[in-house]
Number of protein chains: 2
Amino acid sequence: MNKNTAVTIKDIATALNLSASTVSRALRGMPEIHPETREAVLQLAQEMDYQPNQLAKNLAKSRTKTIGLILPTLSYHFFASMLNSIEEAAMQAGYSVVVCQTNESYLREVAQIQNLLNSQVEGVIMSLARDTNDFEHIYRLQRKNIPLVIFDRYSTAIDASRVIVDNREAAFKATQHLIENGCQRLGCLAGPPHLLISNERLQGFREALEHYGLTYNERYVFHSDFTQENTMMQALNMMALPTPPDGILTMTDRIAFATMYAFKQKGIRIPEDVAIVSFNNEPTCIYLSPSLTSVNQPIQEMGAQVVRLLLKQLENEAPVATETIVLSTQLMIRESSTTISKKV
Amino acid sequence: MNKNTAVTIKDIATALNLSASTVSRALRGMPEIHPETREAVLQLAQEMDYQPNQLAKNLAKSRTKTIGLILPTLSYHFFASMLNSIEEAAMQAGYSVVVCQTNESYLREVAQIQNLLNSQVEGVIMSLARDTNDFEHIYRLQRKNIPLVIFDRYSTAIDASRVIVDNREAAFKATQHLIENGCQRLGCLAGPPHLLISNERLQGFREALEHYGLTYNERYVFHSDFTQENTMMQALNMMALPTPPDGILTMTDRIAFATMYAFKQKGIRIPEDVAIVSFNNEPTCIYLSPSLTSVNQPIQEMGAQVVRLLLKQLENEAPVATETIVLSTQLMIRESSTTISKKV
DNA sequence: TTGTATGCGTTATCAT
DNA sequence: ATGATAACGCATACAA
């Protein structure tokens, strides 16, 4: 059952013996309206509890002031936080954002882009789904000249503005930290092989090893599909190597959580048997025992930059060159990687 | 910079020397259209990469097939999961959902309802913000005959369909569990005093105490505003009582996490010194050491019921009586409340 | 089977 | 300062 009685501008107009255009102008506070008329309109609007119809407004102006945000999932704290930070920045610029999750599925990503297009969003911000390997849907978006900014999970196959962190450097520093804390045999629990940022982090991992004269061995690199079960299996497989690692770099906190969980069940001690360093710095990191060392990404800054780059495209008449913003990270050192201070 | 060249039905029509209505019908697969015309239209639409304008569509049909979802925050796993489960159920019924967060702020809640109204959502699903004490904005919604369903954080001051769990019983069982595991002096770390579900849980806590012949003492009840700092302070204050509790019921996992964090820093052992039982069963619960005993709410079921109740109102001509669905919960017993099996 | 006319609620361009 | 009219893109009642 729905209201059949939405108050419209026309209702106010006839009630006041005015034309719709006058009411419209009064409502929007245009200067040419007589104060008395304006007052009358505003008051009646209030009394009738008039709600402007955003659909009609948008259609008439051919303008929605809305941007679409496509995220892999809101269950990761990182993405939920990015949503907040993007929404904040967008709102300040007078835009609202409509969010959709892909649940890591390529098909859903395609569908969501379709939806956003139909919803007439003026621009799109996204981070790629785990399973996205083909970019035709993105190209379509671009062919329609919809401004696009990609953050975090990007692809070099897409020519769009991006906001990322220096994954290679971050992984390098994280690995360096493990080495300097005495780890000799390092393993890496990476994400799906086709995810670019996973490879960048792997690259940083490798460079750190080589920089410190350790040999990089592919057999110490395992790939997780981000699910808990798979991650636990990969982690245990790694520890079942003839000479298991004494330090592991995991690509995300979720991977680290599952790994630590698996290790706990098997009686593998952290950091005594194996140290762990991870990525994302989710709030849960500090609650674990041992607390988890993790790379922090500047979420506020990323959100602000993402929106800034999008606005640049949105508000310029002429096409704008794509831009890549690389932000730096901070390693939050905690118990999982430091044998020294087990304070508990 | 934006596309000035959105392909419309009219474009297809003139290109094919047809009328707009014919194209419209062909696009929607109406039976009365000649197969050949349909083919031609469909093909050209594809070639021109035609995107239907959802705004125009909605305006023309005075129907959006959209429901609004207002959540306190997406940072709580419970709400993020509810979003997924609601979206799933809504999609199956052909509705899409637009989400907004209040960030626990009353003012934002009011504003978000305003937005949803302007966006012409056909119905609203919500869980109240922490700070919401006044319900005029909800009443306005109802005066406009917008179907409304409230879940989890509800209020008896709002006459709307709801989907909740039996908080009193859940708290009773949780408290019972603590008592049966040997706790003698129980404390409760509740949410803000005006949150109804917090009080219901407190009621269950109290009833359990009395049922087991323990005395309920208000001095063992502390209120957290859900922030980490405040929660830590309240938790430590509780343990600073002359005779601190040996068992605590916390109202949410977030409260429990912060409490455990505070206790860890102070060297207060869980469950040896004090056992903890909580609400929400976030995934993090199993990752903690000790793992956290928590009340699980049937999120899938809740989402399905919420949507079902809303659809009932949406798809009935006549007004539908409000309904309350009370679902039952399950206590997930883990290490934080059981002295027996510290497996690690 | 297809076309014409009208409407959805609002804004915008001309007039007056 | 206000009104009439057209337009936004699509759907639909009515004609043909």
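All values below were derived from every heavy atom in this structure, side-chain atoms included, with hydrogens, water molecules and symmetry-related copies excluded. Within every chain, numbering begins at 1; the chains are lettered A, B, ... in the order of the sequence lines, protein sequences first and strands thereafter.
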Separation of A:Glu32 atom CD from D:dG3 atom C1', in whole Å?
-> 12 Å

Please check if any side-chain donor atom of A:Thr132 sits under 3.5 Å from a side-chain acceptor atom of A:Glu109, or the reverse.
-> yes

Length of the line joining A:Ile12:CD1 and D:dT2:P, which is rounded to integer Å = 15 Å

Return the nearest nucleotide to the side chain of A:Thr37; candidates are D:dT2, C:dG9, D:dC10.
-> D:dT2

Under 3.5 Å, side chain of B:Arg308 to main-chain N/O of B:Ala304, donor-acceptor pair present?
-> no

How close or far is atom P of D:dA4 from atom NZ of A:Lys10, stated in whole angstroms?
-> 12 Å

Value in whole Å for how far the C1' atom of D:dC10 lies from CG of A:Leu59 = 9 Å

Which of the following nucleotides, D:dA11, C:dT11, D:dG9, is nearest to the side chain of B:Lys57?
-> D:dA11

Taken to the nearest whole Å, CG/B:Leu16 to C1'/C:dG3 is 15 Å

Would you mind classifying the nucleic acid contact of B:Ile33 as base, sugar-phosphate or nothing, using non-hydrogen atoms under 4.0 angstrom?
-> sugar-phosphate

What's the CG-P distance between A:Asn58 and C:dG9, to the nearest Å?
-> 15 Å

To the nearest angstrom, the CG-P distance between B:Leu27 and C:dT1 comes to 18 Å

When you get a sec, tell me which of D:dG9, D:dA4, C:dT2 is the closest nucleotide to the side chain of B:Leu18?
-> C:dT2

Would you mind telling me which of D:dA11, D:dA1, C:dT2 lies closest to the side-chain atoms of A:His34?
-> D:dA1

Distance check: side-chain N/O of B:Arg28 vs OP1/OP2 of D:dT12, anything under 4.0 Å?
-> yes

Charged N-O contact under 4.0 Å between A:Glu122 and A:Arg63 = yes

Closest to side chain of A:Lys61, choosing from C:dT11, D:dG9, D:dA4 = C:dT11

In terms of side-chain geometry, is the basic nitrogen of A:Glu323 or A:Lys312 positioned less than 4.0 Å from the acidic oxygen of its partner?
-> yes

Using a heavy-atom cut-off of under 4.0 Å over every strand shown, decide if A:Asp11 touches base, sugar-phosphate, or nothing.
-> nothing

When you check the phosphate oxygens OP1 and OP2 of D:dG3, does a side-chain N or O of A:Thr22 lie under 4.0 Å from one of them?
-> yes

Base D:dA4 paired with A:Ser21 side chain (donor-acceptor, <3.5 Å) | yes

Indicate whether OP1 or OP2 belonging to C:dG9 is found under 4.0 Å from a side-chain N or O atom of A:Thr8.
-> no

With a 4.0 Å cut-off on heavy atoms, is B:Arg25 in touch with a base, just the backbone sugar-phosphate, or nothing at all?
-> base

Separation of B:Asn17 atom CG from C:dG3 atom C1', in whole Å?
-> 12 Å

Counting any heavy atom closer than 4.0 Å, what does B:Leu55 reach on the DNA or RNA strands: base, sugar-phosphate only, or nothing?
-> nothing

Looking at the side chain of B:Ile9, which of C:dA12, D:dA11, C:dT1 is the nearest nucleotide?
-> D:dA11

B:Ser62 or B:Ala20: which one's nearest nucleotide on DNA chain C is closer to the 5' end?
-> B:Ala20

Which atoms form the tightest heavy-atom contact between A:Leu117 and A:Ile146, and what is the distance?
-> CD1-CG1, 4.0 Å

Donor-acceptor contact present, side-chain A:Ser127 to main-chain A:Phe151, <3.5 Å | yes

